[in-house]
Amino acid sequence: QVQLVESGGGSAQAGGSLRLSCVASGRTFSSYAMGWFRQAPGKEREFVAAIDWSGGGTYYADSVNDRFTISRDNAKNTVYLQMNRLKPEDTAVYYCAADRSIAQVTVTRSVDYWGQGTQVTVSS
């Protein structure tokens, strides 16, 4: 069992930055691919970014490519999402996700574990 706890959400102006963190419980964090998803009001949950177990492979949605950066620190059981040049359309609840398969995170978007979510609000 893996428990995920996100933090770092909040409010920002358009063009600003926020960094989300997700801390995972358990001693097998380094064997999991990790991802970030988001869900805006009235919309379906969508993929944002993912990182493989080693941190050597990263994947991004087109809408955030070149603005967001996903990274991980396996010693701290933590995955990060650095969000720069924020836009109002980035406003959503952001969820951390974990799965042993990177394909489950990036392709099927059906993952084993979800965090509770953290709100990000970007004003124009």
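In this text the structure is predicted, and so the values were computed from the model without any measurement.
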- Is there a side-chain contact between Gln104 and Asp112 (heavy atoms, below 4.5 Å)? no
- Message: I want to know whether Phe37 and Trp114 have ring centres closer than 6.0 Å.
- Response: yes
- Student check: side-chain heavy atoms of Trp36 and Ile70 closer than 4.5 Å: yes
- Query: Which pair of non-hydrogen atoms, one from Ala50 and one from Val105, has the smallest distance, and what is that distance?
  - Reply: CB-CG1, 3.6 Å
- To the nearest 0.5 Å, how far apart are OG in Ser11 and CD in Gln119? 8.0 Å
- Measure the shortest side-chain to side-chain distance between Met34 and Trp53 over non-hydrogen atoms and say whether it is less than 4.5 angstrom. no
- Query: Hey, is the main chain of Val23 close enough, under 3.5 Å, to the side chain of Asn77 for a donor-acceptor pair?
  - Reply: no
- Note on the structure: In this structure, CD of Gln1 is separated from OG of Ser25 (nearest 0.5 Å) by 7.5 Å
- Flag for Asp99-Ser101: side-chain donor and acceptor within less than 3.5 Å: no
- Is any side-chain heavy atom of Tyr80 less than 4.5 Å from a side-chain heavy atom of Arg19? yes
- Do Thr69 and Leu81 come close enough that some side-chain heavy atom pair is under 4.5 Å? no
- Query: Between Thr78 and Arg72, does any side-chain donor sit less than 3.5 Å from a side-chain acceptor?
  - Reply: no
- Would you mind reporting whether Leu18 and Leu86 have side-chain heavy atoms less than 4.5 Å apart? yes
- Is the closest side-chain heavy-atom distance between Leu20 and Glu6 below 4.5 Å? no
- Hey, mind stepping through Val79 and Ile51 against side-chain contact (heavy atoms from CB on, under 4.5 Å) and telling me if it holds? CA-CA 9 Å; Val79 63; Ile51 188 167; 4.1 Å; yes
- Query: Do Val120 and Met83 have side chains that get closer than 4.5 Å, going by heavy atoms?
  - Reply: yes
- More than 12 foreign heavy atoms under 6.0 Å from CD of Glu46: is that the case here? yes
- Do you know which two heavy atoms are closest between Ser124 and Ala14, and how far apart they sit? CA-CB, 4.2 Å
- Task: Give the C-alpha distance, both sets of side-chain angles, the deciding distance and a yes or no for side-chain contact (heavy atoms from CB on, under 4.5 Å) between Tyr113 and Tyr32.
- Result: CA-CA 10 Å; Tyr113 302 104; Tyr32 282 85; 3.7 Å; yes
- Between CZ on residue Phe68 and CD on residue Gln82, distance to nearest 0.5 Å: 9.5 Å
- Examine distances only and state if a side-chain atom of Ser30 and a backbone atom of Thr28 form a donor-acceptor pair shorter than 3.5 Å. no
- Task: In sequence, state the C-alpha distance, the side-chain angles, and the governing distance for Tyr60 and Thr58, and then conclude on side-chain contact (heavy atoms from CB on, under 4.5 Å).
- Result: CA-CA 7 Å; Tyr60 297 94; Thr58 57; 3.7 Å; yes
- Message: On a heavy-atom basis, which atom in Ala98 and which in Leu4 lie closest, and how many Å separate them?
- Response: N-CD1, 3.8 Å
- Item | side-chain hydrogen bond (donor to acceptor under 3.5 Å, both in side chains): pairs with one or both residues in residues 88-98, sequence neighbours excluded | Arg38-Asp90, Arg38-Tyr94, Arg67-Asp90
